[in-house]
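Every chain is numbered from 1 and lettered A, B, ... according to where its sequence line falls, protein lines coming before strand lines.
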Amino acid sequence: MVKLKKRFHNMRKIVEEILEEKFQKSVVVEIPKESKFGEFSTPVAFSLAKELRKSPMIIAEELAKEFTEFNEFSKVEAVKGYLNFYLSEDFLNSYSDGALVDGDRFGEGNESGKILLEFVSANPTGPLHIGHSRGAIYGDTLLKIGKYLGYEIEAEYYINDAGRQIDLLGLSIYLSGKELLGKTVTYPEEYYRGDYIVDMAKEALTEFGEKIFREESIGDLASWGKEKMMVEIVQNLDSVGIKFDVFVSERDIFREWEDSLKELESRGGVYKEDGKLWLKSTQFGDEKDRVIVRENSVPTYLAGDIAYHHNKYNRDYDKYINIWGADHHGYIKRVESAIEFLGYNSKQLEVILTQMVALLKDGEPYKMSKRAGNFVLMRDVVDEVGADALRYTFASKTPDTSLQFDVAELTKQDNSNPIYYINYAHARIHSLLRKSSLLEKDILQSRIELDAKRKELLFLALRLPEIVRDSFESRQTQKLTDYLHSLASNFHSFYNSNKIVETESEAQLLKLSLVVANSIKIGLSLLGIEAKESM
RNA sequence: GCGUCUGUAGUUCAACUGGAUAGAACGACGGACUUCGGAUCCGUAGGUUAGGGGUUCGAUUCCUCUCAGGCGUGCCA
């Protein structure tokens, strides 16, 4: 049997280490698209061709001979300059045993590093809409995957509870309340409309009586309304299984603004002009310098963000990840420059932008605006399609491409939904286990004899650790969804061409199926979805 | 105008960050169990990777120009 030195290493890493030890340099290890080229391959002979002044074909031929003594491989072949590696049955069986022993923790990493992940941070002036839910689900998926890999990650929500939008919330509730009381009101250009404002006005009326709708009470209505909205937002997030570790308030953070300002001043990051205070953000590549304190001495929004990032950096993480809507992208440079002026390294900050979600309803474009109140509520979509489908949909799209879909499409719960497809594969495996009369011990102790099909399926199932890692490091959660889909697909195909229960190979095929089920279960759980054992 | 993201099959997306014949899914069309769940499987059609030029053994990937679209370009948040 092959001994596994490093349980937590994924298979590609194991092969990489073997090659790097051999060649004393970093080597590209890839997984060929076609299984006839082996499980792994490397084009290393091409890069050696120049310095050795020999053809890649010849180099590869020679190299292939040097890998005969590795029991990880059953065969190492040179084809057209590529070096192809075929994993041995011994190795794959050992690795499978490891996977089954690890169970739910197969692929878990031992990465170190403290990461602060800030996401959603939607203004508490209305419920979450479908656009917010994209960043929320993407962020939460990253969080789950990162934690699985061993990183210490905190999920943080920044509450914009200061500034004009909160005043506007108070005013909007106030005006709506006036109208409820039969008064004629004229709404200004900018205010929040939508049913939730009317609902809050009604609630305020029953809770506080008519006296709340006096002009002096707008501030009270604002902070009361803000609290209401945060409760609503937390519920919205909870409905898809998202929980934050920390909520920070802009209002609280702002108390530290003077400290940040002093720091900026002492490092020459600001200057006065036209009675305003400017941040020298051009020094770090911004298009122009930015006002941080207005002529009337009221700080701008950026000031709050500077204090916030100052606060974050003082908490001393290794990395700060912000997930913002694409409309904030102009902010990156100015925040980075502020971080530099505060004496910190802006390279530790990584901003991921999620592009817009353009919704259609029956083919018609759906304009989303909180102000106008005709946005699609996250809550409504969750009610219609369920948390699982929504989570899968957003996790399966790269954040940096704008996404357009029809609400009507998502409300369809037919078999085009990949969640059903993947769950079905998982449920099928459990169905087989229920049908079988074998003991678990006998299944686990059997040895999987590999033919081409079995090997392909087993290899794919065992790639989970590598996929999870890759998915996190590239910040591309869709690598995980794609993987699960193809694993399910591969299993369905296998299932249809093999009888399993009550055959001579029952034990080993069930063992193979168990490895598949384990990877599906883990993968789904990292997406925040619970695998079903029956449907 | 500038910044930024994007452009790959009818549609939605891949392509391991420079590697082998550009792959899947959905949709379309045609098939498959008296075997364990047909919510499945198998097959067929569909491509000048937006376009030109460059870098090299090799480009969907890197550079450059052009074209098209989204977002941004408040002392709003």
Check every atom of [options] against the side chain of [X] and return the nucleotide holding the closest atom.
X: A/Ser41; options: B/U40, B/A20, B/U73; answer: B/A20
X: A/Phe46; options: B/G19, B/A39, B/U40; answer: B/G19
X: A/Pro32; options: B/A77, B/G37, B/A20; answer: B/A20
X: A/Glu34; options: B/U21, B/A15, B/A39; answer: B/U21

OP1 or OP2 of [N] under 4.0 Å from side-chain N/O of [X]:
X: A/Arg294; N: B/C76; result: yes
X: A/Ser493; N: B/C42; result: yes
X: A/Lys288; N: B/C2; result: no
X: A/Lys435; N: B/G37; result: yes

Check: Are there more than 12 heavy atoms of other residues, nucleotides or ligands under 6.0 Å from atom CD of A/Glu440?
Finding: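 Atom CD in A/Glu440 is not packed in, count stays at 12 or less.
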Integer angstrom distance from the [atom1] of [N] to that of [M]:
N: B/C13; M: B/U73; atom1: C1'; result: 30 Å
N: B/U12; M: B/G72; atom1: C1'; result: 26 Å
N: B/A14; M: B/A24; atom1: P; result: 16 Å
N: B/G47; M: B/U60; atom1: C1'; result: 12 Å

Check: Aromatic rings A/Tyr271 and A/Trp278: how do their planes relate, parallel, tilted or perpendicular, breaks at 30° and 60°?
Finding: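 Rings of A/Tyr271 and A/Trp278: parallel, as their planes differ by under 30°.
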Next item on the list: Spell out yes or no: do the side chain of A/Thr125 and the base of B/A77 have one donor N/O and one acceptor N/O closer than 3.5 Å?
Entry: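 It does not, because no donor-acceptor pair links the side chain of A/Thr125 to the base of B/A77 below 3.5 Å.
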Notebook entry, point to check: Is a donor-acceptor contact shorter than 3.5 angstrom present between the side chain of A/Asn84 and the base of B/A20?
Noted result: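 In this structure, the two groups form a donor-acceptor pair.
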Checklist line | Stacked cation flag A/Arg391 on A/Phe394, 6.0 angstrom / 45 deg | finding: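 Checked: cation-pi criterion not met.
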Next item on the list: Identify whether NZ of Lys or CZ of Arg in A/Arg428 sits under 6.0 Å from the centre of the six-membered ring of A/Tyr495 and within 45° of that ring's axis.
Entry: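 Relative to the ring axis of A/Tyr495, which defines the angle, A/Arg428 lies inside both limits.
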Check: When the nearest nucleotide of RNA chain B is assigned to A/Ile500 and to A/Glu30 on a heavy-atom basis, which residue is associated with the more 5' position?
Finding: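 Nearest-nucleotide comparison on RNA chain B picks A/Glu30.
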Check: Could A/Lys312 and A/Glu118 be called an ion pair, given the rule that one side-chain N must be under 4.0 Å from one carboxylate O?
Finding: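 Salt bridge: yes.
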Notebook entry, point to check: Counting any heavy atom closer than 4.0 Å, what does A/Ser486 reach on the DNA or RNA strands: base, sugar-phosphate only, or nothing?
Noted result: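 Contact class for A/Ser486: none.
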Next item on the list: Please name all residues satisfying side-chain hydrogen bond (donor to acceptor under 3.5 Å, both in side chains) with A/Ser513, sequence neighbours left out, ordered by chain then number.
Entry: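 A/Ser513 satisfies side-chain hydrogen bond (donor to acceptor under 3.5 Å, both in side chains) with no residue once adjacent residues are dropped.
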Check: Near RNA chain B, under 4.0 Å by heavy atom, which residues of residues 323-332 of chain A?
Finding: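 Here the set is A/Ala326, A/Asp327, A/His328, A/His329, A/Tyr331.
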Next item on the list: Indicate for each nucleotide in nucleotides 5-11 of chain B, in 5' to 3' sequence, whether protein heavy atoms under 4.0 Å reach the base (B), only the sugar-phosphate (S), or nothing (-).
Entry: SS-----
